Amino acid sequence: MSMCMVVTEAVPPRLRGRLAVWLLEIRAGVYVGDVSKRVREMIWFQVSELAEDGNAVMAWATNTESGFDFITYGENARMPVDFQGLRLVKYTPRADDSQGGD
(Lines give C-alpha, C1' and ligand atoms only; values in the text may rest on other atoms or scores of the structure.)
Protein backbone atom coordinates (compact mmCIF):
# COMPACT_ATOMS: atom_id res chain seq x y z
CA MET A 1 0.00 0.00 0.00
CA SER A 2 1.18 3.50 -0.73
CA MET A 3 -0.08 7.06 -0.60
CA CYS A 4 -1.95 8.05 -3.75
CA MET A 5 -3.40 11.39 -4.83
CA VAL A 6 -5.67 12.26 -7.77
CA VAL A 7 -6.44 15.81 -8.90
CA THR A 8 -9.19 16.34 -11.45
CA GLU A 9 -10.46 19.33 -13.46
CA ALA A 10 -13.67 19.56 -15.47
CA VAL A 11 -14.53 15.87 -15.15
CA PRO A 12 -18.10 14.48 -15.08
CA PRO A 13 -19.78 14.08 -11.67
CA ARG A 14 -19.95 10.31 -12.13
CA LEU A 15 -16.13 10.12 -12.12
CA ARG A 16 -15.96 12.29 -9.00
CA GLY A 17 -18.45 9.95 -7.32
CA ARG A 18 -16.47 6.90 -8.41
CA LEU A 19 -13.23 8.38 -7.03
CA ALA A 20 -14.93 9.16 -3.72
CA VAL A 21 -15.64 5.44 -3.28
CA TRP A 22 -11.91 4.64 -3.14
CA LEU A 23 -10.31 7.89 -1.98
CA LEU A 24 -11.12 10.77 0.37
CA GLU A 25 -12.01 14.06 -1.37
CA ILE A 26 -10.14 16.63 0.73
CA ARG A 27 -10.90 19.57 -1.60
CA ALA A 28 -13.01 19.88 -4.72
CA GLY A 29 -11.37 17.57 -7.24
CA VAL A 30 -8.51 16.52 -4.90
CA TYR A 31 -8.58 12.90 -3.67
CA VAL A 32 -6.10 11.08 -1.41
CA GLY A 33 -5.81 7.59 -0.04
CA ASP A 34 -3.55 4.69 0.88
CA VAL A 35 -4.17 2.00 -1.75
CA SER A 36 -2.47 -1.04 -3.25
CA LYS A 37 -0.90 -0.98 -6.72
CA ARG A 38 -3.80 -3.04 -8.03
CA VAL A 39 -6.41 -0.58 -6.70
CA ARG A 40 -4.36 2.39 -7.94
CA GLU A 41 -4.28 0.90 -11.44
CA MET A 42 -8.03 0.24 -11.30
CA ILE A 43 -8.65 3.84 -10.22
CA TRP A 44 -6.53 5.14 -13.11
CA PHE A 45 -8.45 2.94 -15.54
CA GLN A 46 -11.67 4.55 -14.26
CA VAL A 47 -10.17 8.03 -14.69
CA SER A 48 -9.04 7.36 -18.26
CA GLU A 49 -12.43 5.86 -19.18
CA LEU A 50 -14.69 8.47 -17.55
CA ALA A 51 -12.79 11.80 -17.64
CA GLU A 52 -14.07 12.68 -21.15
CA ASP A 53 -12.81 16.23 -21.99
CA GLY A 54 -11.54 16.91 -18.47
CA ASN A 55 -8.03 16.34 -17.22
CA ALA A 56 -6.48 14.55 -14.28
CA VAL A 57 -3.19 13.70 -12.65
CA MET A 58 -2.42 10.83 -10.31
CA ALA A 59 0.67 10.83 -8.09
CA TRP A 60 1.80 8.05 -5.75
CA ALA A 61 4.67 7.27 -3.42
CA THR A 62 7.30 4.93 -4.82
CA ASN A 63 11.02 4.23 -4.41
CA THR A 64 12.28 6.44 -7.24
CA GLU A 65 14.87 9.16 -6.73
CA SER A 66 12.13 11.75 -6.24
CA GLY A 67 10.10 9.42 -3.99
CA PHE A 68 7.03 9.57 -6.18
CA ASP A 69 5.76 9.01 -9.69
CA PHE A 70 2.80 10.41 -11.57
CA ILE A 71 0.66 10.02 -14.67
CA THR A 72 -1.60 12.49 -16.46
CA TYR A 73 -4.74 12.38 -18.57
CA GLY A 74 -6.10 15.07 -20.90
CA GLU A 75 -4.73 18.43 -21.92
CA ASN A 76 -3.27 20.80 -19.34
CA ALA A 77 -0.75 23.67 -19.39
CA ARG A 78 1.54 21.47 -17.29
CA MET A 79 2.66 18.28 -19.02
CA PRO A 80 5.28 15.71 -17.98
CA VAL A 81 8.56 15.49 -19.88
CA ASP A 82 11.48 13.10 -19.54
CA PHE A 83 14.84 14.83 -19.07
CA GLN A 84 17.70 12.30 -19.03
CA GLY A 85 15.60 9.84 -17.07
CA LEU A 86 14.26 12.45 -14.66
CA ARG A 87 10.57 13.27 -14.90
CA LEU A 88 9.92 16.99 -14.95
CA VAL A 89 6.89 19.16 -15.71
CA LYS A 90 6.86 21.56 -18.65
CA TYR A 91 4.63 24.61 -18.41
CA THR A 92 3.17 25.86 -21.68
CA PRO A 93 1.02 28.98 -21.27
CA ARG A 94 -2.24 28.97 -23.16
CA ALA A 95 -2.77 31.50 -25.94
CA ASP A 96 -5.36 33.34 -23.81
CA ASP A 97 -3.05 33.36 -20.75
CA SER A 98 -1.60 36.87 -21.19
CA GLN A 99 -0.50 37.13 -17.53
CA GLY A 100 1.67 33.99 -17.71
CA GLY A 101 0.19 32.61 -14.48
CA ASP A 102 -1.80 29.46 -13.88
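Bear in mind the structure is a predicted one, so any value in this text is a computation, not a measurement.
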Under the side-chain contact (heavy atoms from CB on, under 4.5 Å) test, residues paired with E41 that sit two or more places apart: K37
Contact summary for K90 and V81, nearest pair of heavy atoms: CB-CG1, 3.8 Å
V35 to C4 - nearest heavy-atom pair and separation: CG2-CB, 3.8 Å
Gap between atom CG of D34 and atom CE of M3 - 0.5 Å precision: 8.0 Å
N/O donor-acceptor pair under 3.5 Å between R87 side chain and F70 backbone: yes
Pairwise distance CD(E49) to CG(L15) - rounded to 0.5 angstrom: 11.0 Å
Within one Ile-Leu-Val-Met-Phe-Trp-Tyr cluster: W44 and M42, side-chain cutoff 4.5 Å: yes
Joint hydrophobic cluster, V21 plus L24, side-chain heavy atoms closer than 4.5 Å: no
For I43, the option from R38, M58, R18 that meets side-chain contact (heavy atoms from CB on, under 4.5 Å): M58
Residue list, side-chain contact (heavy atoms from CB on, under 4.5 Å) with V7, at least two apart or on another chain: M5, V30, V57
Flag side-chain contact, heavy atom, 4.5 Å: D69 against T62: yes
Short N-O contact, R14 and E52, less than 4.0 angstrom: yes
Over 12 foreign heavy atoms within 6.0 Å of CG, D82: yes
Heavy-atom pair with the smallest gap, counting every atom of P12 and A51: CD-O, 3.6 Å
Passing candidate, side-chain contact (heavy atoms from CB on, under 4.5 Å) with V47, options L19, I71, T8: L19
Non-neighbouring partners of R16 that pass side-chain contact (heavy atoms from CB on, under 4.5 Å), sequence neighbours left out: V11, E25, A28, Y31
Hphob cluster co-occupancy, F68 + I26, side-chain heavy atoms under 4.5 angstrom: yes
Any donor-acceptor N/O pair, N55 side chain to Y73 backbone, under 3.5 Å: no
